[in-house]
Each structure stands twice: as structure tokens, then as C-alpha cells.
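Both backbone and side-chain heavy atoms feed into the values below; hydrogens, waters and symmetry mates do not. Reminder, nothing fancy here: chain letters follow the sequence lines and each chain counts from 1.
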Amino acid sequence: MPVDTGYAGRVYPPNAVYEVGREHLRSFAAAVGAQHPAHTDVEAARALGHPDVIAPPTFAVVVAQRAEAQLFEDPAAGIDFSRVVHADERFTHHRPVHAGDRLVTVLHVDSIVERAGLAMITTRAEIAAEDGEPVATVVSTLAVRPEES
Amino acid sequence: MAPRLEDLAVGQEVARAEVVVDRARLVRYAAASGDFNPIHWNERVALSVGLPGVIAHGMWTMGAAVGPVVDWVGDPGRVVDYQVRFTRPVPVPDPGEATVEVVAAVGALDAEAGTARVDLTVTVEGQRVLGKAQAVVRLS
């Protein structure tokens, strides 16, 4: 089944609150080799003016992917994940993510374009605190390869 | 202390590092990120979809590549924008490891905004694996 280009322009309702935990940030930092103490040491983070340990720059992908699942796990959208290749990714941080954050994400399907047999799907996750304060914008483009003919 | 904008020049190299990745690290990243796509840990599945073998998560490479910039700028919270294109997969052998080389240089300066754009050259065995890898850091 081809990708349904009619999903372009869709905006999903805010998804469930994502709670950011200290230990999760420490695990993520260790996995990407992020050695700055502000990711792991509360006092080091506070010395830089942050309320708690803060996330590495790409951590917001974890939050964004929860929201993106609304599109990718929808069978009617026709996206076969075994044929998906990540094309590009961009994070814009309105402020750092920190432990204790309770984040709500609104997923936008910015475009679905077919090009040379590939379906290019661009999503935008607008991540905010529960009170509406903008935290991060995550724009991701995936390429879906055509089925083998 | 953060580097000062007025001390920087376009083209200036600000950081350089090598980051090593093996299969154990990919499993660790899978757990920390929640991305359990088997092409990042299962050779059989990776080969069956036409890959040369298990490859690193693109998001692992992106996350690892910005580390030297964070260390240079002195506060992860100063990275206000970061983007990449994934241009080439990073195969991770077993046994063994892959070495990702990162060179960060000033791409542009914006005195009004108080920011610098840092351009990353990210290679494995001399071949670029990320394109248009740019981090914008706030310096004031």
C-alpha cells in the first residue's frame, strides 16, 4: 500500500505527558558519550543556572518519537517502517529540557511528497511544558522506499 | 566560561574528537532512546534489508557528533539549534568497532543574535556520514 499523502497538514491532539527523569538523562548521555557534567551532576547543572540536570541536545528525539508514533503506527497512513530511512533531523531548543520536566507534544505532519519513487515525510513535533511554555521543536524527515517490484 | 564571539573567526576550528562505537554501545543507545529497530543490533535482519550489516542509529551518530561542540561551548544549554542530514550509514562490525571523526569549525557568526554557527565534518574512514551538520550556539 502506498503512503497516503492525504495525511499532509494533519495536526494531532496533544499527546500524553512525558516525564523527564534524571536517571533517563544520565543513561541517554552515557549512550551518546556526552560527558558534560550538567547531564549527570545536579550541582554542576545548577551552577550553570539550570534547575536540574539537563538533556543532551538530541534527547528531545525520544519525546518527539512518542508523538510521531501516532502517524507511523496508523495502518491507514500506509507507512511500512521496514522501508523507512531517516533523511534529516533538526532540533530547535527554546530552552533546555531538564529532569522534572513534564512535556506535552503536538505532532504536525508538515508535508508528504513523492519524489523519484520515494515518499518523503516531514513531521514537526512542538514540545512544550504543561503550562504551554515552548521547549523544543523537532523536525524530522523520513524517506520511505518503494516496495520491491 | 563560554568562548567569546569576538574572539572567533569564520573557518576557525574549535573542536576535534574521535568517538568509538561498538555493538554494545548501540544496544545501550537502543535502550536509552527507545529505538529498537533490529537493523541496529541484529545482523540477520540488517542483511535481509540490503544493508552491509548492523549500522549505527543515525540519531546516535548525530548525538555523538555534537559532544565536542558542547564541551567547547561549556554548557549544553547553549546549543539552541542543531541539524543534520543522514548521508551514509555507519556500519558497526562485530567483533570490532567503528571510529567516528568529528571536526567542528565556525561556519558563521551573528553578532546581533549573539550566536555562532558551528559546522561539523563527520567522517568514518574518510567518508562523510552526515551532511549539513550545523549547530547554532549562544555565546552571550
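- For A/Ala136, no part sits under 4.5 Å from any heavy atom of chain B, backbone or side chain.
- Between B/Phe86 and A/His86, the ring planes are tilted. Angles from 30° to 60° get that label.
- Only the backbone of A/Ala87 comes within contact range of chain B, with heavy atoms under 4.5 Å apart.
- Counting heavy-atom pairs closer than 4.5 Å to chain A, the top-ranked of the candidates B/Gly58, B/Ala30, B/Gly63 is B/Gly63.
- B/Tyr82 and B/Val80 sit in two unconnected hydrophobic clusters of ILVMFWY residues. Membership requires side-chain heavy atoms under 4.5 Å apart, directly or through other members.
- Chain A forms more heavy-atom pairs under 4.5 Å with one residue of B/Gly74, B/Ala64, B/Gly34 than with any other, namely B/Gly74.
- Residue B/Met59 is grouped with residue A/Leu103 when hydrophobic side chains (ILVMFWY) are merged at heavy-atom distances under 4.5 angstrom, including chains of intermediate members.
- A side-chain donor-acceptor contact under 3.5 Å links B/Arg25 to the backbone of A/Ala31.
- A continuous path of Ile, Leu, Val, Met, Phe, Trp and Tyr side chains, each step under 4.5 Å between heavy atoms, connects A/Val62 with B/Leu26, placing both in one hydrophobic cluster.
- When every heavy atom of A/Val32 is checked against every heavy atom of B/Tyr29, the shortest pair comes out as CG1-CE1, 3.5 Å.
- Atom CZ of B/Arg85 is surrounded by 12 or fewer heavy atoms from other residues, nucleotides or ligands within 6.0 Å.
- Residues A/Val144 and A/Tyr7 share a hydrophobic cluster, clusters being chains of Ile/Leu/Val/Met/Phe/Trp/Tyr side chains in contact below 4.5 Å.
- Contact annotation for A/Pro57: only side-chain heavy atoms (C-beta onward) come within less than 4.5 Å of a heavy atom of chain B.
- Crowding of B/Glu125 atom CD: a count of heavy atoms from other residues, nucleotides or ligands under 6.0 Å not exceeding 12.
- For a residue to count as touching a neighbouring chain, one of its non-hydrogen atoms must lie under 4.5 Å from one of that chain's; by this rule A/His98 does not touch chain B.
- Counting heavy-atom pairs closer than 4.5 Å to chain A, the top-ranked of the candidates B/Pro89, B/Ala135, B/Gly131, B/Pro76 is B/Pro76.
- Note on A/Thr141, A/Thr58, A/Val85: by heavy-atom pairs under 4.5 Å with chain B, the leading option is A/Thr58.
- Rounded to the nearest 0.5 angstrom, A/Arg90 CZ and B/Met62 CE are separated by 9.5 Å.
- The number of heavy atoms from other shown groups lying within 6.0 Å of CD (A/Glu73) does not exceed 12.
- For the atom pair CG of A/Asp88 and CG of B/Leu130, the computed distance is 11.0 Å after rounding to the nearest 0.5 Å.
- Between chain B and the residues A/Arg95, A/His39, A/His94, the largest count of heavy-atom pairs under 4.5 Å involves A/His39.
- Across all non-hydrogen atoms, the minimal contact from B/Arg28 to A/Ala30 is NH1-CB, 3.4 Å.
- Counting heavy-atom pairs closer than 4.5 Å to chain A, the top residue among B/Asp75, B/Val79, B/Val84 is B/Asp75.
- For A/Ile54, the part sitting under 4.5 Å from any heavy atom of chain B is the side chain, from C-beta outward, and nothing else.
- If you measure heavy-atom distances from A/His50 to chain B, the contacts under 4.5 Å come from the side chain alone.
- The cluster map of Ile, Leu, Val, Met, Phe, Trp and Tyr, joined by side-chain heavy atoms under 4.5 Å apart, puts B/Val70 and B/Val19 in the same cluster.
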